[in-house]
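Computed from a predicted model, the values in this text were never measured in an experiment. To find a chain, count down the sequence lines: A is the first, B the second, and so on, and within it residues start at 1.
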Number of protein chains: 2
Amino acid sequence: MDITTFSALAEPNRLRIVELLLDGPLTVGDITDRLQLQQPQVSKHLRVLLDAGLVEVQAEANRRNYKLRLDPFQELDAWLETYRTVWEERFEALEQYLQKLKAKENKKN
Amino acid sequence: MDITTFSALAEPNRLRIVELLLDGPLTVGDITDRLQLQQPQVSKHLRVLLDAGLVEVQAEANRRNYKLRLDPFQELDAWLETYRTVWEERFEALEQYLQKLKAKENKKN
DNA sequence: AAGGAATATTCCTGTCAAGGAATATTCAAA
DNA sequence: TTTGAATATTCCTTGACAGGAATATTCCTT
């Protein structure tokens, strides 16, 4: 798992930017308006997201369109797979326990 | 999505600790040995993980057993759901495009 | 009660990241 | 070619965080 994904998302404003981009590409000005931030800070955050591979840019004249890249999220998803396995194991263990408990109850009655 | 999960996982050694705990509870000494770190640093990282709710402790005499908590990972998984939706949409769009391309090819022949 | 093992905390220092302010760059339009 | 809009970069300061070293705490054993 690539750590830089986590560090990039660990900053509140950057996470907000990512969530915004979920609905489609946005320009720096768009993000500045919606998040009520200073333009330079937005640019800086976008730079970090860019370096982390979380977004990509497409220049169009004066503007720059920032778009979400899904690869890192897919990597994250794949990484989580192991953890999913673990909690499913635990869930099954719990189920079995409840089954036994139920069986014991039936015997008592 | 709780940011502290990301910040906690954004540190290499902490991520390694988490991966270790995937195989079951471990003691501070265990982790210290396996990761070749200084014991105080391990304790400090565990403290961060504890505060972030990624692990839980169970004291047993001198030792302390650290165990992975799955809730934050489940939260992460749920958060990713939205992104999964997006990439599935894109995949379907790609499929439809290929279908049309194929249809056009057939017409040509 | 004393000593020692396991763990946590504190203090210090260096590094890094974030915001603010100012400035540089790039491009379109007149 | 000058002006203005959109964006990026730089410099500065401040706060957070990681590692190292030392020390405190807790509990078992003798």
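Sorted by first and then second residue, the ring pair (Phe, Tyr, Trp, His ring centres under 6.0 Å) pairs with a member in residues 82-109 of chain B read A:F73-B:Y83, B:W79-B:Y83; sequence neighbours excluded.
For the pair B:F6 CZ and D:dA16 P, the interatomic distance rounds to 22 Å; values are reported in whole Å. As a whole-Å value, the separation of A:L49 CG from C:dA18 P is 10 Å. One atom, CG of B:L46, and another, C1' of D:dC17, lie 16 Å apart when rounded to the nearest Å.
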**Report entry** Structure string for DNA chain D in dot-bracket form, Watson-Crick and G-U at under 3.5 Å, | interchain
**Finding:** ||||||||||||||||||||||||||||||
Query - Where protein sits on nucleotides 25-30 of chain D, one letter per nucleotide: B base, S sugar-phosphate only, - none, heavy atoms under 4.0 Å - result: -BBS--
Requested in this report: Sugar-phosphate means primed atoms, P, OP1 and OP2; the rest is base. With that split, encode nucleotides 18-23 of chain D 5' to 3' as B, S or - using protein heavy atoms under 4.0 Å.
Outcome: SBB-B-
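No donor-acceptor pair closer than 3.5 Å links the side chain of B:R64 to the backbone N or O of B:A59. B:E75 places a side-chain N or O within donor-acceptor distance of the main-chain N or O of B:D2, the cut-off being under 3.5 Å. For B:E11 (side chain) and B:R14 (main-chain N/O), a donor-acceptor pair under 3.5 Å exists by modelled atom type. Distance alone, capped at 3.5 Å, places no donor-acceptor pair between the B:T5 side chain and the B:M1 backbone.
Taking a 6.0 Å sphere around CZ of B:R84, one finds it holds more than 12 heavy atoms contributed by other residues, nucleotides or ligands. When the shell of 6.0 Å around CD of B:E95 is examined, it contains more than 12 heavy atoms from other residues, nucleotides or ligands.
The stretch residues 27-36 of chain B has no heavy atom under 4.0 Å from DNA chain D, so no residue of it qualifies as close.
For A:Y66 and D:dA8, the shortest distance from a side-chain N or O to OP1 or OP2 is below 4.0 Å.
Toward the 5′ end of DNA chain D lies the nearest nucleotide of A:R63, the other residue of the pair A:R47 and A:R63 mapping further downstream.
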Requested in this report: Tell me, with the steps shown, if B:S43 and B:Q39 meet side-chain hydrogen bond (donor to acceptor under 3.5 Å, both in side chains).
Outcome: CA-CA 6 Å; B:S43 282; B:Q39 174 267 316; 3.0 Å; yes
**Report entry** Stepwise side-chain hydrogen bond (donor to acceptor under 3.5 Å, both in side chains) test for A:E60 and A:N65
**Finding:** CA-CA 7 Å; A:E60 189 176 341; A:N65 275 301; 3.3 Å; yes
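Put simply, the side chain of A:Q41 does not reach to within 4.5 Å of the side chain of A:N13, judged on heavy atoms. Under the 4.5 Å side-chain criterion, counting only non-hydrogen atoms from C-beta, B:D30 is in contact with B:T27.
Here A:T32 pairs with nothing under the side chain to side chain donor-acceptor pair (under 3.5 Å) rule; sequence neighbours left out.
For the residue pair A:V18 and A:L68, the shortest heavy atom distance occurs at CG1-CD1, 3.9 Å.
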